[in-house]
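By convention in this document, chain letters (A, B, ...) are assigned in the order of the sequence lines, proteins followed by strands, and residues within each chain are numbered from 1. The shown structure was predicted, so the numbers you read here are calculated from the model rather than taken from an experiment.
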2 protein chains.
Amino acid sequence: MIQINYHDSRPIYEKVKDSLRQLILSGALPEGDRLPSVRELAVSLTINPNTIQRAYRELEQEGYIVSVPGKGSFVARGGGARAARMAELKEKLSALAAEFEAVGVSRAEMADMLKEEKP
Amino acid sequence: MIQINYHDSRPIYEKVKDSLRQLILSGALPEGDRLPSVRELAVSLTINPNTIQRAYRELEQEGYIVSVPGKGSFVARGGGARAARMAELKEKLSALAAEFEAVGVSRAEMADMLKEEKP
DNA sequence: TAACTGTATTAACTCAATTAGTACAGTTGC
DNA sequence: GCAACTGTACTAATTGAGTTAATACAGTTA
């Protein structure tokens with residue numbers, strides 16, 4: 001279900017978060033679907049349950065999933081996941097715009113880059 | 001000359017790099033100017049010289065400064081610093097565009113956000 | 001009741017970041 | 001020449017976030 005890239009030196013819980021977020025946003029994990037339990041995923045990835053728990057806790061704080069003690073963790077309903085992601089990305093875009101402006105590049109010029117430099 | 005924010009948990013050498021890069025890009029440190037020596041800056045910030053050396057080494061690899069054994073470290077001439085920064089920022093923008101596209105937001109829509117959502 | 005859930009807590013382990021100490025070669029001014 | 005600077009390189013010790021490990025407790029479900 002999830003693959004962990006060991007050539008990437010980022011923390012494991014970050015990689016687990018990224019993988020799950022991608023699965024959710026791509027629709028591979030539809031709204032309301034139950035995620036593997038903390039223990040299941042830990043065994044599946046040969047990772048400590050505490051590390052998975054941390055990933056789940058942060059995904060819940062960010063609005064991607066909802067965890068219910070005794071029942072399980074579920075993909076957030078009502079477009080919560082996409083809304084959470086859009087908020088994150090807009091924040092990133094705003095921060096990047098500030099960095100560009102520090103080098104004298106306006107938002108309009110950034111917009112031009114986006115349209116012209118299609119790789 | 002440089003202030004280090006201790007409420008920021010990023011590595012010290014990263015903070016030193018960011019501070020110097022900002023001083024260079026803002027023009028506070030003009031092209032060709034000599035930076036404080038590794039040992040000077042280490043004493044000034046109460047940081048180990050090796051940590052400063054790492055920041056300088058990476059700034060040189062990225063094209064912001066030029067280090068000459070025996071003489072010192074100098075702000076890169078010929079617009080090297082700005083060129084280096086622009087390359088980094090364009091790379092960031094491209095990566096962010098890919099993230100937006102994964103959520104179904106096109107580059108054109110990103111461009112619109114930049115023009116409209118002026119904070 | 002048994003076997004699942006999420007959650008919490010404490011202690012040990014790992015490894016990158018950092019510190020510390022030392023050394024060497026090139027530059028500069030006396 | 002030489003003293004006092006430079007950048008650079010290397011090894012060893014220390015620190016702290018990330019991770020593992022083990023255990024416990026309360027809610028859910030068949």
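- Salt bridge A:E31/A:R82: absent, no basic N to carboxylate O contact under 4.0 Å.
- The CD atom of A:E58 sits 13 Å away from the C1' atom of D:dA17 (whole-angstrom rounding).
- What separates CD1 of A:I12 from P of D:dA21 is a distance of 11 Å, to the nearest Å.
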Hey, what are the protein-to-nucleotides 4-6 of chain C N/O distances that come in under 3.5 Å?
unit_1 : atom_1 : unit_2 : atom_2 : d
C:dT5  : OP1    : A:S37  : OG     : 3.2
C:dT5  : OP1    : A:E40  : OE2    : 3.2
C:dT5  : O2     : A:G70  : N      : 3.1
C:dG6  : OP2    : A:V38  : N      : 3.1
C:dG6  : N7     : A:R39  : NH1    : 3.0
C:dG6  : O6     : A:R39  : NH2    : 3.0

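- The side-chain heavy atoms of A:R107 and A:S94, taken from C-beta on, include a pair separated by under 4.5 Å.
- Using a cut-off of 4.0 Å between Lys/Arg side-chain N and Asp/Glu carboxylate O, A:R21 and A:D18 are scored as salt-bridged.
- Under a hydrophobic clustering in which Ile, Leu, Val, Met, Phe, Trp and Tyr are joined whenever their side-chain heavy atoms come within less than 4.5 Å, directly or via other members, B:F74 and B:L35 fall into different clusters.
- Using a distance-only test at 3.5 Å, with no hydrogens or angles considered, no donor-acceptor pair links the side chain of B:Q53 to the main chain of B:N50.
- The pair B:R85-B:E88 meets the salt-bridge criterion, since a charged nitrogen lies less than 4.0 angstrom from a carboxylate oxygen.
- Going from atom CD1 of B:I52 over to atom C1' of C:dT18 covers 11 Å, rounded to whole Å.
- Between B:I47 atom CD1 and D:dT14 atom C1' there is a gap of 17 Å when expressed in whole angstrom units.
- Distances shorter than 4.0 Å separate some side-chain N or O of A:Y13 from OP1 or OP2 on D:dG18.
- Summarising the geometry, the separation between CD on A:Q61 and P on C:dT7 is reported as 10 Å, rounded to the nearest angstrom.
- As rounded to whole Å, 16 Å separates atom C1' of D:dT19 from atom NZ of A:K17.
- In this structure, CG of A:N50 is placed 11 Å from P of D:dT19, rounded to the nearest angstrom.
- Regarding B:R57, its CZ atom lies at a distance of 12 Å from the C1' atom of D:dC10, rounded to whole Å.
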